[in-house]
Amino acid sequence: MKVLYFAWLRERVGLTEEEVDPPADVHTVADLARWLQARGGGHAHAFENPAVVRAALDRRHVKPDAPLAGAREVAFFPPMTGG
Amino acid sequence: MKVLYFAWLRERVGLTEEEVDPPADVHTVADLARWLQARGGGHAHAFENPAVVRAALDRRHVKPDAPLAGAREVAFFPPMTGG
Amino acid sequence: MADGPPASDAFSVRVQADAFDATREAATLAHGRTDVGAVVTFTGLCRADETADGPLTALHLEHYPGMAEAEMGRILDEARARWPLQGARIVHRHGRIVPGEGIVLVVTASPHRGAAFAAAEFLMDWLKTSAPFWKKEERPGAPDDGAWVEAKATDDDAAERWGAGAA
Amino acid sequence: MADGPPASDAFSVRVQADAFDATREAATLAHGRTDVGAVVTFTGLCRADETADGPLTALHLEHYPGMAEAEMGRILDEARARWPLQGARIVHRHGRIVPGEGIVLVVTASPHRGAAFAAAEFLMDWLKTSAPFWKKEERPGAPDDGAWVEAKATDDDAAERWGAGAA
């Protein structure tokens with residue numbers, strides 16, 4: 001599964017993207033965020049406040065309880081500030 | 001006092017403007033419209049339905065009960081359709 | 001404000017027979033400025049609608065010279081009193097206008113998008129109901145070759161929602 | 001519709017690093033058509049605001065390639081489902097943008113002014129809250145030379161007023 005990071009999540013993690021292979025008990029987007037946070041370091045810093053992290057599965061906005069179910073690309077980013 | 005007509009009021013009256021000298025009992029815009037209507041002919045046709053006639057005194061919109069009180073220019077026209 | 005045009009040029013109204021260049025009018029309003037956050041332009045165009053009397057070939061716009069400019073200026077002043085505008089322009093044509101051509105142009109500039117949108121809508125709604133312009137259709141298939149356009153109740157409603165006392 | 005552009009060209013979204021020409025984008029949407037009654041354009045510009053940390057020298061816009069275009073397309077589809085649009089265009093820039101330059105452009109064309117205004121506001125409100133773009137300030141006097149712009153609650157409110165389920 002490919003994970004992408006944008007804006008200050010990207011800066012804190014120190015990566016624009018990475019391939020991950022989470023264990024079987026990581027079912028939802030929130031599970032994945034917690035699993036990434038548990039890695040410590042930049043990941044812990046990036047996910048320290050889950051309330052301000054948004055996510056997309058295969059380029060569509062999803063809620064934290066969305067099941068990962070076969071998604072190929074997961075993205076994490078702060079609230080958008082375009083326009 | 002100068003009276004101006006626009007749109008179909010102009011066409012019905014057959015004039016773009018005219019000088020009038022109404023009698024002393026013509027106090028308001030509505031009085032003036034009635035007095036003009038009483039002339040008959042094109043004027044009677046133009047003012048046959050006072051509800052659809054709008055007026056301006058010295059280039060400001062006014063209600064029918066507005067006093068003529070020293071106005072130099074009175075204009076009559078249908079509801080506006082600009083924009 | 002630094003290198004923007006003087007305030008007196010930032011706000012203007014104009015009545016003209018010639019076609020306008022919507023794009024250039026909008027560009028000049030924010031040109032060289034770095035304090036404008038939002039520019040909204042509205043262009044109202046003549047449509048080639050078709051009725052049982054056949055196609056519309058043109059609109060003829062009659063106006064009340066002097067009052068038209070004065071009323072447009074009053075509407076502009078009212079908008080400036082309601083929203084933080086950095087510039088605003090109204091251009092309204094008179095005379096013969098064929099389908100596809102612009103009839104009216106409104107441009108607003110503000111630090112904030114909400115104000116720019118609201119002011120542009122306000123200006124258009126009030127222009128429709130209080131600016132002394134009248135449209136006559138040129139429709140060769142119709143009796144008398146075309147009729148005066150009637151005012152719409154919906155336009156009055158649109159203007160009323162901004163509250164009494166405007167313009 | 002007669003001589004207008006094909007429907008597929010009338011609606012489009014674009015993400016680009018280059019500056020856009022708001023005026024030309026708007027002109028092309030109604031060019032040669034005689035069925036359009038109203039064109040609204042909105043341009044969002046980079047402002048040279050000044051804080052205690054000194055002046056803003058630029059904004060850096062990061063975006064999610066692929067998703068940005070897809071999301072803008074979904075927003076456009078939602079607007080088309082809600083209003084009778086004849087054309088609509090969204091152009092959003094990424095990269096470094098200096099004060100006075102445009103960041104985003106929205107153009108809508110409709111037979112009716114109310115629809116053109118409403119759709120343009122809707123597009124902007126939803127772009128602000130759902131299009132995957134992030135702004136970072138370039139402010140040489142600030143810690144780390146500038147911070148990420150934080151999302152505003154007012155933007156969420158503006159998007160929410162259009163009702164749930166959009167985009």
Side-chain angles (χ1 to χ4, degrees), chain A residues 1-20 28-30 32-33 36-37 41-83, chain D residues 13 15 42-46 59-75 90-94 97 102-106 120-137 144 146-156 158-159 165-167:
Chain A
M1 179 187 294
K2 187 158 78 171
V3 180
L4 278 63
Y5 304 100
F6 292 98
W8 52 256
L9 273 104
R10 171 181 55 71
E11 291 180 340
R12 289 183 181 187
V13 170
L15 295 169
T16 57
E17 64 178 76
E18 60 181 324
E19 279 295 327
V20 300
T28 66
V29 167
L32 181 61
L36 290 164
Q37 189 192 2
H43 287 82
H45 187 203
F47 290 96
E48 69 186 5
N49 182 5
V52 295
V53 176
R54 302 283 179 271
L57 279 189
D58 290 335
R59 305 184 175 182
R60 282 183 173 269
H61 293 295
V62 293
K63 301 277 187 194
D65 61 358
L68 294 170
R72 285 162 307 180
E73 185 173 300
V74 186
F76 291 104
F77 42 79
M80 288 138 285
T81 55
Chain D
V13 302
V15 178
F42 174 90
T43 310
L45 301 134
C46 176
L59 286 173
H60 291 263
L61 269 101
E62 180 171 334
H63 76 299
Y64 183 169
M67 179 170 169
E69 293 84 349
E71 188 66 18
M72 288 158 70
R74 287 191 283 268
I75 298 168
I90 309 175
V91 182
H92 204 304
R93 289 179 65 192
H94 67 91
I97 299 173
I103 298 168
V104 61
L105 173 72
V106 160
E121 279 201 85
F122 171 89
L123 290 172
M124 276 308 303
D125 286 349
W126 278 98
L127 274 175
K128 287 257 175 195
T129 56
S130 89
F133 289 85
W134 299 272
K135 291 192 185 96
K136 189 173 191 175
E137 296 185 344
D144 299 326
W148 290 95
V149 174
E150 286 193 38
K152 290 185 196 135
T154 51
D155 287 333
D156 283 332

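Per chain, numbering begins at 1; letters A, B, ... match sequence-line order. Note that the structure is predicted; figures quoted are calculated from it, not measured.
- Ring geometry for D:W134 against A:F6 counts as parallel: the plane angle stays under 30°, on a 0 to 90° scale with 60° as the upper cut.
- Using a 4.0 Å cut-off between charged side-chain N and carboxylate O, D:E69 and A:R59 make no salt bridge.
- The OG atom of D:S130 lies 4.5 Å from the NE2 atom of A:H61; values are rounded to the nearest 0.5 Å.
- Remark: the backbone N or O of A:G82 is not paired with any side-chain donor or acceptor of D:H92 at under 3.5 angstrom.
- When heavy atoms are compared at a cutoff of 4.5 Å, D:H63 approaches chain A solely by way of its backbone atoms N, CA, C and O.
- Using a 4.5 Å cut-off between heavy atoms, A:R10 touches chain D through its side chain atoms alone.
- Considering OG1 of D:T129 and CZ of A:R54, their distance stands at 10.5 Å, rounded to 0.5 Å.
- No side-chain heavy atom of A:T81 sits less than 4.5 Å from a side-chain heavy atom of D:F133.
- Per-residue heavy-atom pair counts under 4.5 Å with chain A were compared for D:M124, D:R93, D:K136, and the maximum is reached by D:K136.
- Atom CD of D:E150 has 12 or fewer heavy atoms from other residues, nucleotides or ligands within 6.0 Å.
- Looking only at side-chain heavy atoms (C-beta outward), D:M67 and A:R60 stay at 4.5 Å or farther from each other.
- Between A:E11 and D:W148 there is a side-chain heavy-atom pair separated by less than 4.5 Å.
- For D:K128 (side chain) and A:M80 (main-chain N/O), no donor-acceptor pair under 3.5 Å exists by modelled atom type.
- Crowding of D:D144 atom CG: a count of heavy atoms from other residues, nucleotides or ligands under 6.0 Å not exceeding 12.
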